[in-house]
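Quick notes on the structure that follows.
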Amino acid sequence: QLHLVESGGGLVQTGGSLRLSCSASIVPVVNYKVGWFRQAPGKEREGVSCISNIGDWTYYTDSVKGRFTISRDNGKNTVYLQMDSLQSDDTAVYFCAAVWAPGYEIQPTCEADTFRFWGQGTQVTVSS
């Protein structure tokens with residue numbers, strides 16, 4: 001059973017930066033694909049970015065391309081989301097999630113319904 005805890009959220013002005021961390025425990029995260037998802041009030045959950053177990057595949061939703069960077073340090077059992085040039089539309093609760101995926105995926109996806117383990121979320125608020 002993988003346990004995930006997000007940190008790094010907070011209040012930031014438009015154009016600012018935050019780095020979210022997703023720390024895994026109980027079992028090593030090296031065999032899991034990890035994703036960052038967000039949900040704003042009144043909106044559906046959205047896949048923001050995902051990364052394969054060894055980091056050779058990444059995905060970004062169009063609205064964050066060029067501004068967000070996902071990375072992972074399996075030695076520290078942690079996945080990061082560096083968020084730069086933040087905009088008001090980025091305001092949401094951000095969740096990290098993981099799914100068992102130890103090998104090569106022919107067609108990897110970043111669909112929330114395919115992820116099994118979820119953290120509690122961290123609030124990101126971007127003020128104008």
Side-chain angles (χ1 to χ4, degrees):
Q1 187 81 2
L2 192 65
H3 181 62
L4 302 173
V5 177
E6 302 94 338
S7 61
L11 175 65
V12 64
Q13 291 186 331
T14 300
S17 298
L18 285 173
R19 188 176 81 156
L20 304 184
S21 297
C22 174
S23 298
S25 62
I26 310 279
V27 297
V29 75
V30 67
N31 289 318
Y32 292 80
K33 179 171 62 177
V34 177
W36 286 97
F37 302 83
R38 66 186 179 188
Q39 188 162 22
K43 294 186 177 181
E44 293 186 357
R45 184 173 51 187
E46 175 187 26
V48 176
S49 182
C50 291
I51 188 167
S52 62
N53 65 319
I54 60 172
D56 58 344
W57 169 84
T58 58
Y59 163 88
Y60 298 93
T61 193
D62 286 346
S63 63
V64 308
K65 286 180 180 177
R67 301 189 297 121
F68 290 11
T69 304
I70 192 169
S71 63
R72 64 190 297 159
D73 185 338
N74 287 335
K76 295 182 178 180
N77 249 16
T78 303
V79 175
Y80 305 96
L81 185 68
Q82 177 67 40
M83 306 187 296
D84 299 319
S85 302
L86 283 161
Q87 305 166 358
S88 57
D89 287 348
D90 296 318
T91 295
V93 178
Y94 283 70
F95 301 88
C96 71
V99 61
W100 176 260
Y104 174 74
E105 290 187 281
I106 296 176
Q107 291 184 316
T109 66
C110 194
E111 298 294 330
D113 291 346
T114 65
F115 284 75
R116 179 179 177 187
F117 302 100
W118 289 80
Q120 294 297 311
T122 184
Q123 176 71 46
V124 171
T125 303
V126 184
S127 65
S128 56

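With rounding to the nearest 0.5 angstrom, the SG atom of Cys96 is 4.0 Å from the CD atom of Glu6. From Ser23, atom OG reaches atom NZ of Lys76 across 10.5 Å, with rounding to the nearest 0.5 Å. Distance check: Lys33 NZ to Ser52 OG gives 9.0 Å after rounding to the nearest 0.5 Å. The line from CG of Leu81 to OG1 of Thr122 is 11.0 Å long, rounded to the nearest 0.5 Å. In this structure, CG on Asn77 lies 7.5 Å from CG on Leu2, to the nearest 0.5 angstrom. Atom CZ in Phe95 sits 11.0 Å away from atom CH2 in Trp36 (nearest 0.5 Å).
Contact of the Cys50 side chain with the Trp57 side chain is registered, since non-hydrogen atoms from C-beta on lie closer than 4.5 Å. The shortest side-chain heavy-atom distance between Asp73 and Tyr80 falls under the 4.5 Å cut-off. Using a 4.5 Å heavy-atom threshold, the side chains of Thr91 and Arg38 count as separate. Between Ser25 and Val5, the closest side-chain pair of non-hydrogen atoms is not below 4.5 Å. Looking at heavy atoms from C-beta onward, Leu4 lies out of side-chain contact with Val34 at the 4.5 angstrom threshold. Counting heavy atoms from C-beta on, the side chains of Ser63 and Gln87 never come closer than 4.5 Å. Using a 4.5 Å heavy-atom threshold, the side chains of Ile51 and Tyr32 count as separate.
Nearest heavy-atom pair across Asn53 and Gly103 is OD1-O, 4.4 Å. Between Arg72 and Val29, the closest heavy-atom pair is NH2-O, 2.8 Å. Taking both residues in full, the closest heavy atoms of Glu105 and Pro108 are given as O-CD, 3.4 Å, listed atom of the first, atom of the second, then distance.
Remark: side-chain polar atoms of Tyr60 are not paired, donor with acceptor, to backbone N or O of Gly66 under 3.5 angstrom. In this structure, the side chain of Arg19 does not engage the main chain of Gly8 through any donor-acceptor pair within 3.5 Å.
When the options Asn31, Val30, Ile54 are evaluated for a side-chain contact (heavy atoms from CB on, under 4.5 Å) with Pro102, the one that passes is Asn31.
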Under the side chain to side chain contact (heavy atoms under 4.5 Å, CB included) criterion, do Val48 and Met83 qualify, and how do the steps go?
CA-CA 11 Å; Val48 176; Met83 306 187 296; over 6 Å; no

Chi angles and distances behind the side chain to side chain contact (heavy atoms under 4.5 Å, CB included) call for Leu86, Phe68
CA-CA 9 Å; Leu86 283 161; Phe68 290 11; 3.8 Å; yes

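Take Ser17 and apply the side-chain contact (heavy atoms from CB on, under 4.5 Å) test, not counting sequence neighbours, and it matches Gln82, Asp84. Every residue was checked against the salt bridge (charged side-chain N to carboxylate O under 4.0 Å, His left out) condition with Lys43, not counting sequence neighbours, and none meets it.
Cluster annotation: Ile70 is connected to Leu18 through the hydrophobic network of ILVMFWY side chains, with a link wherever side-chain heavy atoms come within less than 4.5 Å. If you chain together hydrophobic residues whose side chains sit under 4.5 Å apart, Val99 and Phe37 fall into the same group.
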Show which side-chain atoms of residues 111-121 pair as donor or acceptor with protein atoms under 3.5 Å away, not counting sequence neighbours.
from: Thr114; atom 1: OG1; to: Glu111; atom 2: O; distance (Å): 2.6
from: Trp118; atom 1: NE1; to: Phe115; atom 2: O; distance (Å): 3.1

